[in-house]
Amino acid sequence: MEVLLFGIAKDIVGKSEIRFSETDELPGSVGDLKRLLTASYPEFGKLSSLAVAVNSEYATDAVFLTKDDEIAIIPPVSGG
Amino acid sequence: MEVLLFGIAKDIVGKSEIRFSETDELPGSVGDLKRLLTASYPEFGKLSSLAVAVNSEYATDAVFLTKDDEIAIIPPVSGG
Amino acid sequence: MEKLTIEIVDHIDSANVYSELSHPQSGGICVFVGAVREFTNNEEVVALEFETYKNMALKEMEKIALEAMEKWELNKVLIRHAVGAKKVEEPVVVVGASSAHRTACFEASRFLIDTLKEKVPIWKKEIFKNKSVWVSAHP
Amino acid sequence: MEKLTIEIVDHIDSANVYSELSHPQSGGICVFVGAVREFTNNEEVVALEFETYKNMALKEMEKIALEAMEKWELNKVLIRHAVGAKKVEEPVVVVGASSAHRTACFEASRFLIDTLKEKVPIWKKEIFKNKSVWVSAHP
C-alpha cells in the first residue's frame, strides 16, 4: 500500500510517499490511516484540516482501504 | 441655440441637430425644451424616457438654458 | 502607471486587458466583456450599430470609475466601449478592475457594467434582416 | 467547439482567454484572473510555488465546472491553474464563463474561483526573503 503526500504533508513526513510493506499492519479505513499518521507524526494534528483521497476522490473516515487503492493525504488546499 | 440629437432622437427629427435662429422664441429651461420638442414631434412622447444634457451633464427640467450652452437630447441609452 | 483607463474606440482588442489591469498589489483581476449575440428574442441579429455622444460618454464613464474606486479598494479600473458596426461575437464593451482581494474586483466590475448601461450616452441599434431597432427606446 | 476547458499548465497566457470563451450565443463573458501579490500581511513575497495532485485536481475542477453549468445557463466554462514558481504579477489561475446574459457569467465565475479555492487539491507555498509558508496549513 502506498500513500501519496503533498504540500505540507510531504514536509512533515520528509518524503513524497509512504509505503506500507506486506508485513506491516495496513490501515483498514481512512479513519485508521489518519490515526496512524497522526500517531507517528504529531504535526498532522496541528493542521487546519486533514483529508484523504481514495482513487482521487475525497473519502470519509468510514471508507475501507485496500492495497490496490491510490491513496493520498490532502492537507488544507490553497489554490487560486 | 443648437440642440444635438442622437440615436432615435435623430431619426425622429430627421437630422442630427436642431438650430433655433435669433428670431425664434428660445426655450428658457430644459422643461420648456422638452415640451417644445414633444409638441413638434409627438414621437418623443412615446419613448421610454427623455433626458437632456446641458454642457455634457444630465440636467433636470428646472435648469435654465442660454444660447451658449451645449445642449443634447438623450433618448433612452442602451450601451454595453 | 494610470489607475484609470476610460476609452471609446472603434475596435476592442481583448488580448491586452489583463496586462492593462495587472498591478503588483492586485491578487485579483475581474474582466467583463460584452459581445454581440446572434439572437435577440429569437430573431437573428445581423449586426449592432453603436453611436455615442462622446464628450459626455467619457465624462460619465469616468464618474462611474471614480465612484467604483470610492466604494471598493481598487488598484486599477478600465472601461472601454466600442462604436460603429459590430458583428456577432465581436466585443462591444470591456470593463474590469483589479484589487488585493477578489470580492472587490468582482463587485466593482458588476457595478461598472450595470451603471454604464444605465447612464452612459451610448445607443445601440439592432440590425435584423428586414428591420432595425434602437434598443430600449420604447417601453 | 468544447464547452469546457479544464487545464493545469506551467504558464498561463491570459491573452487568449476571451477568444476561448467567446460564443455566438454569449452576450457576456466574465473572467477572473488570480495573480501573485507583492505583499501578504505586510511581508514582501518573493514568489509563490504551486504544487498539485494533478489527477484529482483535474477531476475536481471538472466537477466544479459541471456544477456551474447546472446552476447557470452557460455556453462555455474555463478553469486553468498554473503550477510551479510564480513571481509577482504573474497569473496563477484563470476562471471564466460565457452566457447569454451577464448575471449568469458573473455569478458562475465567482462560484468557480470560490469553489476551486475550497476543494481543488492545489497547494501554495509563499516564499518570503527568510522563510516559506504553506498557505492555510495551520489555523
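Residue numbering restarts at 1 for every chain, and letters A, B, ... go by the order of the sequence lines.
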N/O donor-acceptor pair under 3.5 Å between [X] side chain and [Y] backbone:
| X | Y | value |
| --- | --- | --- |
| D:K71 | D:A108 | no |
| D:T115 | D:I64 | no |
| D:S109 | D:V95 | no |
| D:N75 | D:Q25 | yes |

Not counting sequence neighbours, list each pair that qualifies as a side-chain hydrogen bond (donor to acceptor under 3.5 Å, both in side chains) and has a residue in residues 5-19 of chain D.
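Of all non-adjacent pairs touching residues 5-19 of chain D, those that pass side-chain hydrogen bond (donor to acceptor under 3.5 Å, both in side chains) are D:E7-D:R80.
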Please look at [X] and chain A and tell me whether the side chain, the backbone, both or neither of the residue comes under 4.5 angstrom of a heavy atom of that chain.
| X | value |
| --- | --- |
| D:E60 | side chain |
| D:V92 | side chain |
| D:W123 | both |
| D:H138 | both |
| D:F50 | side chain |

Kindly check if the number of other-residue, nucleotide or ligand heavy atoms within 6.0 Å of CD (D:E118) is above 12?
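Correct, the count exceeds 12.
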Note: D:K129-D:E44 ion pair, threshold 4.0 Å (strictly below):
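D:E44 and D:K129: salt-bridged.
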Basic-acidic side-chain contact under 4.0 Å: A:E57, D:K59
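Answer for the salt bridge query: yes.
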By a 4.5 Å heavy-atom criterion (distance strictly below it), what part of A:D11 contacts chain D: side chain, backbone, both, or neither?
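Side chain of A:D11 only, per the 4.5 Å heavy-atom cut-off to chain D.
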Which portion of A:L50 sits near chain D, non-hydrogen atoms under 4.5 angstrom
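Neither part, no heavy atoms under 4.5 Å.
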Taking atom types as modelled, find out whether D:S136 and A:S78 have a side-chain donor-acceptor pair closer than 3.5 angstrom.
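Looking only at side-chain atoms, A:S78 and D:S136 do not form any donor-acceptor pair under 3.5 Å.
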If you count heavy-atom pairs under 4.5 Å between each of A:P75, A:A72, A:S56 and chain D, which one has the most?
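Answer, by heavy-atom pair count under 4.5 Å with chain D: A:S56.
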Proximal to chain D - members of residues 25-38 of chain A, heavy-atom separation under 4.5 Å:
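Checking residues 25-38 of chain A against chain D gives no residue, so none.
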Rounded to the nearest 0.5 Å, what separation is found between the CD atom of D:E126 and the CH2 atom of D:W134?
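Reported value, rounded in 0.5 Å steps: 11.5 Å.
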